[in-house]
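Working notes, beginning with the structure itself.
First the proteins, then the strands, lettered A, B, ... as listed; each starts at 1.
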2 protein chains.
Amino acid sequence: MTISVMVVDDHPIWRDGVARDLGEHGFDVRATAADADAAIRIARAVRPDVVLMDLNLDGSSGVRATQSITGELPETRVLVLSASGEHDDVLEAVKAGASGYLVKSASVTELVDAVRRTAAGDPVFTAGLAGLVLGEYRRMASAPADDQAPRLTERETDVLRLVAKGLTARQIADRLVISHRTVENHVQSTLRKLQLHNRVELARYAIEHGLDDGEDPDGG
Amino acid sequence: MTISVMVVDDHPIWRDGVARDLGEHGFDVRATAADADAAIRIARAVRPDVVLMDLNLDGSSGVRATQSITGELPETRVLVLSASGEHDDVLEAVKAGASGYLVKSASVTELVDAVRRTAAGDPVFTAGLAGLVLGEYRRMASAPADDQAPRLTERETDVLRLVAKGLTARQIADRLVISHRTVENHVQSTLRKLQLHNRVELARYAIEHGLDDGEDPDGG
DNA sequence: GGATCGTTCGGGGTTTTTCCCGGATCCGCC
DNA sequence: GGCGGATCCGGGAAAAACCCCGAACGATCC
């Protein structure tokens, strides 16, 4: 019995090339799609055994499409293709229900083999990724739920923003029209809440959490 | 007269698909290569009219290969293919002597047309890129050379990296096995060179210039 | 050999930050 | 009315950061 496949990729050359390769190796390429919405719609109608999903469709909507398809069609397995090395997206795809992962640098032989194994329900992962997924799982299991940010008051946030820009307590006091001792108190309580130790760590925290304005320290 | 083409890409599926597409459209695909060294060597022997060069070979060696080939073989034109949006690499490729640029999301028709025009000596640039190159040229012409980062010594860079992680002078001194006064001196000279005023600004500078290790301030 | 530069160490000073307090007002909530 | 939280102001003290200075050593270049 032939395996039905759907190819999703926004690069026409790649898409058609893969479709032809698979066709020549005995697969039934029922459909192709160039974007996430088309992929979801067509998959719903065609119900292929395997969806070959490119991860970097415009945006990272490949993940979204994977989620929709695996959610709606439990019989359909999604084999994710990626330009390799994009760890975050790949992990997202796995969470979204992808049955396997293959780098785009794979050969035709590897591709054909991977599609066969995916159709058979065999999870396909390149060497590096298995360890990556395991590591991520371990990380999640060990760190239960501490990632919720402590709540800063409005004033503390004001001060933090300015600290992250490199202003001293006196400069911040001038801007906010308060005493520099008050600024220092806000800094102190913020340090306690965030369990940090100095202004540099505060600045890093602000930058990583999008609290900074992204301006250059110098006059520009 | 047929146009001879060489295809350089580290993805076998893509490479062979493109080769086949071009072959079916009347081009003479003389050779393919998967990495920069092979590309240079084979191009030297084959002397194709057009080289289809993938920009993201391992590393950014696509630029290097482009430079070698255009330098050695003035008759051979290099048409660069890229996953799109990688402005820096594309500009590098243009500087390296590429005759044109095409995004990988192009259709087969566009590819065929682009190769024909490249062989005819007609520069091929997608809409966005022409403006990009012009803008870059204008920027270089107007701003002679003031945007170059001041040079920090190796030790200053070491200290900067650790400052950006939120360590105090004493902590840095312990790590580098020097006196904390020496650390403070390095901080001072770095502040002067970069025209900054305190450690928070140093941290921002380090982060924006990729000098930090991207670790969380807290224990994690 | 002399000049320059990077790296190291330190003196001596001011400013800022870090940390612990107490006290005040305002505002919402039980 | 009381209670807690947010905001504000301050004292005091230790640590750290900031700023300028000289000095020594080794390496490199002319």
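- Residues L81(B) and L55(B) form no side-chain contact, since every pair of their non-hydrogen atoms from C-beta on lies 4.5 Å or further apart.
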**Message:** For a quick check, with a 4.0 angstrom heavy-atom cut-off, what is the B/S/- contact string for nucleotides 6-21 of chain C, read 5' to 3'?
**Reply:** SSBBBBB---SBBB-B
**Item:** Annotated protein contacts, base or backbone, on nucleotides 25-30 of chain D with a non-hydrogen cut-off under 4.0 Å, one of B, S, - each
**Value:** ------
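- Look at CG on L162(B): it is 17 Å from C1' on dA16(D), rounded to the nearest Å.
- Residues L102(B) and E110(B) approach most closely at CD2-O, 4.4 Å, considering heavy atoms.
- Side chain of E208(B) to backbone of Y205(B): no donor-acceptor contact under 3.5 angstrom is found.
- A 4.5 Å side-chain heavy-atom check between T190(A) and Q188(A) finds every atom pair outside the cut-off.
- Straight-line distance from the CD atom of Q195(B) to the P atom of dC18(D): 16 Å, rounded to whole Å.
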**Asked** Does the side chain to side chain donor-acceptor pair (under 3.5 Å) test come out yes or no for D28(B) and S4(B), once each step is laid out?
**Response** CA-CA 5 Å; D28(B) 175 18; S4(B) 61; 5.5 Å; no
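- Of the possible donor and acceptor atoms, one in the side chain of T70(B) sits under 3.5 Å from a partner among the backbone N and O of T66(B).
- Between K193(B) and T153(B) the shortest side-chain heavy-atom distance falls below 4.5 Å.
- Helix bend of the helix from dG1(C)-dC30(D) to dC30(C)-dG1(D): the angle between its two end axes, each built from five pairs, comes to 40° after rounding to 10°.
- Counting only distance, with no hydrogens or angles, the side chain of N198(B) and the backbone of E201(B) share a donor-acceptor pair below 3.5 Å.
- In this structure, W14(B) and W14(A) have parallel ring planes: the angle between them is below the 30° cut-off, well short of the 60° mark.
- At a threshold of 4.5 Å between non-hydrogen side-chain atoms, the residues L79(A) and V51(A) do not count as touching.
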